[in-house]
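The structure displayed is predicted, hence computed values, not measured ones.
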There are 2 protein chains.
Amino acid sequence: MANNKDRFLGKSQPPTMRDVAECAGVSLKSVSRVINNEPHVTARLRAKVDSAIAQLGYAPDMAARSLAGAHNYVIGVIFDNPSPHYTMKIVSGAYAACVERHYHLRFDHVDSNGPSEALLERLDAIVSNGRSDGFILTPPLCDNARVLELMEARDIRYSRIAPLHDPLRSPSVHMDDLAAAKQVADLLYSLGHRHIGFVSGPDQLSAATLRRRGFIEHLKTMQPEVKVVEAKGDFSFGSGVAAARELLCVQPRPSAIFAANDDMAAGIIAACQQMRLVVPDDLSICGFDDSWIAKLVLPTLTTVHQPVEAMAHAAAMQLLNRGGSERPRQLVLDHHLIRRDSVGPAR
Amino acid sequence: MANNKDRFLGKSQPPTMRDVAECAGVSLKSVSRVINNEPHVTARLRAKVDSAIAQLGYAPDMAARSLAGAHNYVIGVIFDNPSPHYTMKIVSGAYAACVERHYHLRFDHVDSNGPSEALLERLDAIVSNGRSDGFILTPPLCDNARVLELMEARDIRYSRIAPLHDPLRSPSVHMDDLAAAKQVADLLYSLGHRHIGFVSGPDQLSAATLRRRGFIEHLKTMQPEVKVVEAKGDFSFGSGVAAARELLCVQPRPSAIFAANDDMAAGIIAACQQMRLVVPDDLSICGFDDSWIAKLVLPTLTTVHQPVEAMAHAAAMQLLNRGGSERPRQLVLDHHLIRRDSVGPAR
DNA sequence: CTGAAAGCGCTTACAG
DNA sequence: CTGAAAGCGCTTACAG
């Protein structure tokens, strides 16, 4: 018997379900049942069909499945976040979930700095008849009320990563930024630091807000023993450099600085090198995220590991496990403090 | 008359082409003609249809178009490159092209370090009946002969970014790594450097090979006036640190080092800071790529701007402009040297 | 220049 | 437990 798989490799039409049915000597519907793991399939039928599928090198046609059925086998992830590291981790986590479930992943990027009407129109084009089974929304997009309204009006499923508001409005995944920031405060305190700097992030990012609140409020409970000085940042390396120069002019200098993300912490390290301050002897520095750059500085950065990939994986799974009428679930994933070389005892 | 767009926003079924045809009082086929910009459409017909589309908030169904026609309105990008920056730039560039042409972008990642059979099986699953109009392949994946054979056997269109071999086997996009590396050599020479270090990249990456060849061969033409010392790297920050320690032990020390990518150059800067060498006074450092990290170090990095986004945009366009039986085209995009603060005159 | 018919490759009721 | 029919929403020949 000629090997049909080889015939296919030799560039004829890809085999269809009809070909599989003929080859296995069963009906179209039976092939469909096997492929979709429907109940009440005998082992014998399954074996016949599976062998025909293998022999022909058959793969179901996505477009046809999508058009005929209720599943689309695609989810999307929509970004408006400028950080390439963060974005890649989200994509990687979501992609891993898609591979497990034989789904495809679509990528979309929008600019939420422009006029709101343009953003909504663009989003509408992205989600309309795109045949996706849902979208993952990341900050700050997932905190835009009009965006959520659009998704709901269009009846499009979505899950959110680290939304600031209404965690149960849709499936969502978090980490506890508040608790993590408190842990950083405790670490610095336990090492003897009593004069501590903080560099904040942009207000519209939920994580920035929570990290600041957790850190500042916790240190305030230790007053007057602990003194806090604060500088504004925007999560960029450059703003970390600037904040460091500002905070390190204060006399006496703080002995430790906590930056609300790693990029700014890297900026602080760079500023110290220019000011001939030795990290961590002269200044302890702590970041947040455990992003790529945390290991690309010397000394390496003590930071909070934010489980971004795991969060994206979980958010994707919330979309893939479409359980009938279940209530939206809020998932909180574990973080942990990673001690590297940028933090030491006060002296 | 009730506004149908609002009715749609109120969660009924999305409008179909049939609804548009009825609303405009024309046939299905006429709507299709307008949507697909077919020739021989009167302005009047177009106006009627366009207004019906706007009124109903109609968007064509991707799955149906794909199933019925020859276009799928999706392209994909397949990675096996571990660098998140590089990957994000590729995705951004390809995405921009997709937005212009109203296409969607699919994302896929494979592991080409595992066994070759597993890789091919995974790729087969990615491209089989996935209804994509083509895939962008990046290094080192685009230099894997068996991968290209698979794509061709399956009759799947693909374009390659910076392939090392057979640039005309498929549409492809390059930059001139060889010429760029020579320019770096000329820059360092013109600044008076006569004892120069080079840190190489992994052999299986085409770019690493070409950059080394351009740099080393060009400097060799200047011998014996110029002396070159070389260390192996793997494009990672850590390998840059290690290479710096190795090269800077040589007596007399080289006065400049060229690293084949920015991550390694950043590692060299960090190593210098630990060794209390001042950049660029004690050592000039030049990178390659103009990646994200080039501006996240102090001093900022002199480097070659590799137009990765533009290359990905062009590669996507090669897939979107499916011109009948045109020959595959090889595109070479411009690079340029970016002088920042890490390079200075020899002294 | 416009339209009625057939069909893309599947899944979903429905019948046996 | 299995199968024949209808139909998802479009595009592609083909006819006028």
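The side chain of B:V26 approaches C:dG3 more closely than any other nucleotide in the set C:dG9, C:dG3, D:dC1.
Tested against A:R33 for a side chain to side chain contact (heavy atoms under 4.5 Å, CB included), the candidates A:V49, A:L45, A:V41, A:V26 yield a single pass: A:V41.
We find that CZ of A:R131 is positioned 8 Å from C1' of D:dG9, with the value rounded to whole Å. In this entry the distance linking NZ of A:K48 with C1' of D:dG3 reads 13 Å, nearest Å. Following rounding to the nearest Å, B:L67 (CG) and C:dG7 (P) show an atom-to-atom distance of 14 Å.
Base pairing annotation: C:dG16 forms a Watson-Crick or G-U wobble pair with D:dC1, both donor-acceptor distances under 3.5 Å.
For A:R157 and A:E152, the salt-bridge test fails: no basic side-chain N is under 4.0 Å from an acidic carboxylate O. Checked for salt-bridge contact, A:E149 and A:R154 miss the test: no charged N lies under 4.0 Å from a carboxylate O.
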Using a cutoff of under 3.5 Å, can you pull out all pairs of nitrogen or oxygen atoms linking the protein to nucleotides 10-14 of chain D, with atom names and distances?
{"from": "D:dC10", "atom 1": "OP1", "to": "B:Y58", "atom 2": "OH", "distance (Å)": "2.8"}
{"from": "D:dC10", "atom 1": "OP2", "to": "B:M17", "atom 2": "N", "distance (Å)": "2.9"}
{"from": "D:dC10", "atom 1": "O5'", "to": "B:Y58", "atom 2": "OH", "distance (Å)": "3.1"}
{"from": "D:dT11", "atom 1": "OP1", "to": "B:N36", "atom 2": "OD1", "distance (Å)": "3.4"}
{"from": "D:dT11", "atom 1": "OP1", "to": "B:N36", "atom 2": "ND2", "distance (Å)": "2.9"}
{"from": "D:dT11", "atom 1": "OP1", "to": "B:R65", "atom 2": "NE", "distance (Å)": "3.2"}
{"from": "D:dT11", "atom 1": "OP2", "to": "B:S32", "atom 2": "OG", "distance (Å)": "2.7"}

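Using a distance-only test at 3.5 Å, with no hydrogens or angles considered, a donor-acceptor pair links the side chain of A:Q318 to the main chain of A:R329.
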Between B:D133 and B:Y103, is a side chain to side chain donor-acceptor pair (under 3.5 Å) present by the stated rule, with each step listed? CA-CA 10 Å; B:D133 290 317; B:Y103 263 65; 3.3 Å; yes
B:E38 and B:K29: salt bridge (charged side-chain N to carboxylate O under 4.0 Å, His left out), yes or no, with the steps? CA-CA 11 Å; B:E38 288 177 31; B:K29 175 61 189 156; 3.4 Å; yes
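When the side-chain nitrogen and oxygen atoms of B:S30 are compared with OP1 and OP2 of C:dG3, one or more of them lie within a distance under 4.0 Å.
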